[in-house]
J.: 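First the structure, then my questions, so here it is.
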Amino acid sequence: MAFPVHRPRRLRRTATLRRLVAETRLSVDQLVYPLFITAGHGIQSEIGAMPGQFRWSLDRLGPELEQIAELGVPAVLFFGIPAEKDLAATGAWHDQGVVQQALRLCKQVAPDLLAVADTCLCEYTSHGHCGLLDDTGAVLNDPTLELLTRTAVAQAAAGADIIAPSDMMDGRIGAIRTALDAAGFDQVAILSYAAKYASAFYGPFREAADSAPAFGDRRGYQMDPPNRREALKEVLNDVAEGADLVMVKPALAYLDIIREVRNAVDLPLAAYQVSGEYSMVKAAAAAGWVDERRAALETLTSISRAGADILITYWAKDLCDWLR
Ligand code: PBG
């Protein structure tokens with residue numbers, strides 16, 4: 001037989017052929033759009049480190065939620081920037097907290113839009129850590145669980161469909177499941193930030209949410225980037241404690257972890273394409289060095305190909321246009 005026998009290029013000839021044989025397909029149905037809700041009035045302020053993303057005050061949020069629902073994005077993920085921060089993270093668990101108010105609004109103006117609540121204390125503590133501190137400044141695990149469960153119950157009472165704990169305390173999934181059930185919220189699901197790494201790529205988010213730790217870092221609770229087996233252990237623990245969905249975060253630097261988790265667990269798997277992943281592409285695109293749309297689609301395709309079912313991304317709204 002004449003060389004070459006195989007000509008894989010035959011199937012790459014036209015856009016239609018490539019479309020037919022694509023092994024991975026992105027869909028609007030996979031998307032979750034993060035939103036930053038701030039105290040105050042009349043605010044729609046662009047986040048300097050995240051071009052195209054905004055902080056919204058509650059009085060401006062309604063039309064934005066309606067537009068997201070109209071576009072067909074299935075879910076939003078709420079983060080809060082309270083007027084005041086304190087040692088007890090009051091803004092996180094108070095029934096008048098900004099996220100609780102946003103959840104109630106969401107269920108009014110866009111009842112079918114899934115409301116996911118990020119459950120963590122770092123946006124609400126005066127020191128910016130994700131829990132209560134001891135005298136040495138270390139984050140206390142078990143006392144923090146009490147505030148996290150209180151926060152989760154307040155979010156569920158305000159209408160959250162999904163509670164998403166991002167704090168990385170030990171035992172939080174079991175504690176939150178127990179508290180939700182005891183409060184009558186057995187239908188509220190838990191999306192665990194199961195393997196969340198201490199990452200440089202959260203930088204822009206911390207500007208957006210004003211949640212950079214005042215001292216130290218989060219390495220005492222978030223995972224260390226070299227560890228793969230530990231990620232599986234974290235995920236399996238959370239599954240055993242009652243997680244309904246699990247997440248790997250960040251996404252692009254952890255594609256191997258996404259694949260490992262996909263192979264090990266049958267639950268829906270989310271990946272969070274975090275602020276730094278977004279802002280790097282935005283900055284390079286603004287300089288004319290990469291094409292934003294192609295870079296976004298390529299990275300999200302790789303995250304999906306690695307095994308993620310659900311994509312949490314700041315490009316969710318753009319994707320509704322790009323994938324059409
Ligand atoms: C809260 C939280 C963070 C992010 C999501 N939830 C910040 C952090 O852990 O410091 C980061 C999201 C992003 O960078 O887009 N703990």
Side-chain angles (χ1 to χ4, degrees), residues 31-37 47-55 75-82 85 89 91-93 97-99 116-125 127-132 139 141 144-145 147-148 151-152 155 160 162-169 172-173 176 190-225 234 246-254 270-283 296 299-300 303 310-316:
L31 304 177
V32 179
Y33 185 53
L35 280 172
F36 298 94
I37 315 305
I47 298 157
M50 302 176 71
Q53 305 304 315
F54 298 85
R55 294 189 198 86
V76 288
L77 170 60
F78 288 109
F79 295 97
I81 306 144
K85 303 179 186 237
W93 46 263
V98 277
V99 165
V116 188
D118 182 271
T119 305
C120 195
L121 306 182
C122 60
E123 296 127 61
Y124 309 93
T125 50
H127 44 70
H129 277 290
C130 302
L132 295 168
V139 173
N141 195 89
T144 296
L145 295 183
L147 290 185
L148 287 170
T151 302
Q155 291 168 334
I162 301 178
I163 298 296
S166 69
D167 52 285
M168 289 302 279
M169 296 303 121
R172 75 251 164 84
I173 301 303
I176 289 173
I190 298 179
L191 162 58
S192 170
Y193 284 71
K196 175 174 175 179
Y197 287 86
S199 171
F201 294 106
Y202 307 149
F205 173 96
R206 291 179 189 170
E207 183 199 308
D210 184 25
S211 65
F215 59 88
D217 54 42
R218 303 207 202 291
R219 289 176 219 215
Y221 37 105
Q222 298 180 351
M223 283 188 54
D224 205 21
E234 281 280 5
V246 290
M247 190 198 302
V248 172
K249 176 188 171 188
L252 196 55
Y254 298 88
Y272 198 144
Q273 182 181 53
V274 301
S275 56
E277 300 178 59
Y278 171 83
S279 300
M280 279 196 301
V281 172
K282 279 283 189 184
T299 51
L300 286 161
I303 294 162
I310 298 166
L311 304 170
I312 305 175
T313 174
Y314 298 99
W315 275 297

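Residues take their numbers from the sequence shown, with the count starting at 1. Since we're looking at a predicted model, the values are computed, not measured. Every number for a ligand or one of its atoms is a count from 1 in the order of the listing.
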J.: In terms of residue, atom name and distance, what is the protein heavy atom nearest to atom 12 (C) of ligand 1?
T.: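 Closest protein heavy atom to atom 12 (C) of ligand 1: Phe205 CD1, 3.4 Å.
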J.: Relative to ligand 1, is Asp167 under 4.0 angstrom through side chain, backbone, both or neither, heavy atoms considered?
T.: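 The answer is neither.
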J.: I'd like to know whether ligand 1 has Glu277 as a neighbour, heavy-atom separation below 4.0 Å.
T.: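 No, Glu277 has no heavy atoms under 4.0 Å from ligand 1.
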J.: Can you figure out which of Pro204, Ala208, Ser166, Pro34 has its heavy atom closest to atom 1 (C) of ligand 1?
T.: Ser166
J.: Do Met168 and Glu234 come close enough that some side-chain heavy atom pair is under 4.5 Å?
T.: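 Contact flag for Met168/Glu234 side chains = yes.
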J.: Report yes or no: do Gln155 and Thr119 form a side-chain donor-acceptor pair below 3.5 Å?
T.: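 Their side chains do contain a donor-acceptor pair, which is all the 3.5 Å distance test asks for.
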J.: Describe, in one word, how the ring planes of Phe205 and Phe36 are oriented to each other, choosing from parallel (under 30°), tilted (30 to 60°) and perpendicular (over 60°).
T.: tilted
J.: Starting from atom 5 (C) of ligand 1, which protein heavy atom do you reach first, and at what distance in Å?
T.: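 Of every protein heavy atom, Lys249 NZ, 2.5 Å lies nearest to atom 5 (C) of ligand 1.
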J.: Can you find an N/O atom of Glu123 closer than 3.5 Å to an N/O atom of ligand 1?
T.: no
J.: Can you measure from CZ (Arg55) to CE (Met50) and round to the nearest 0.5 angstrom?
T.: 10.0 Å
J.: With a 3.5 Å distance limit and no angle check, can you tell me whether Ser275 reaches the backbone of Phe201 through a side-chain donor-acceptor pair?
T.: yes
J.: List the closest protein heavy-atom neighbour of atom 14 (O) of ligand 1: residue, atom name, distance to the nearest 0.1 Å.
T.: Ser275 OG, 2.7 Å
J.: Give the atom numbers and elements of ligand 1 that come within less than 4.0 Å of a heavy atom of Tyr272.
T.: 12 (C), 15 (O)
J.: For Lys196, state whether at least one heavy atom is located under 4.0 Å from any atom of ligand 1.
T.: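 Distance cut 4.0 Å: Lys196 passes for ligand 1.
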J.: Just verifying a value: how many Å separate Ile310 CD1 and Ile162 CD1, rounded to the nearest 0.5 Å?
T.: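 Output value for this atom pair is 7.0 Å.
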J.: I'd like to know if Gln222 contacts ligand 1, where contact means a heavy-atom distance under 4.0 Å to any ligand atom.
T.: yes
J.: Report yes or no: does Tyr278 have a heavy atom closer than 4.0 Å to ligand 1?
T.: no
J.: Counting from 1, what ligand 1 atoms have a heavy atom of Cys122 closer than 4.0 Å?
T.: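 The atoms of ligand 1 under 4.0 Å from a heavy atom of Cys122 are 1 (C), 16 (N).
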J.: Would you check if there is a donor-acceptor pair between the side chains of Gln53 and Tyr33 at a distance under 3.5 Å?
T.: yes
J.: Counting C-beta onward and ignoring hydrogens, is there a side-chain heavy-atom pair between Tyr314 and Lys282 closer than 4.5 Å?
T.: no
J.: Would you mind listing which atoms of ligand 1 come within a distance below 4.0 Å of any non-hydrogen atom of Tyr202?
T.: 8 (C), 9 (O), 10 (O), 11 (C), 14 (O)
J.: Given 3.5 Å as the limit, does a donor-acceptor pair link the side chain of Glu277 with the main chain of Val274, or not?
T.: yes
J.: Using a strict 4.0 Å cut-off to heavy atoms of Phe79, name the atoms of ligand 1 that fall inside it.
T.: 5 (C), 6 (N)
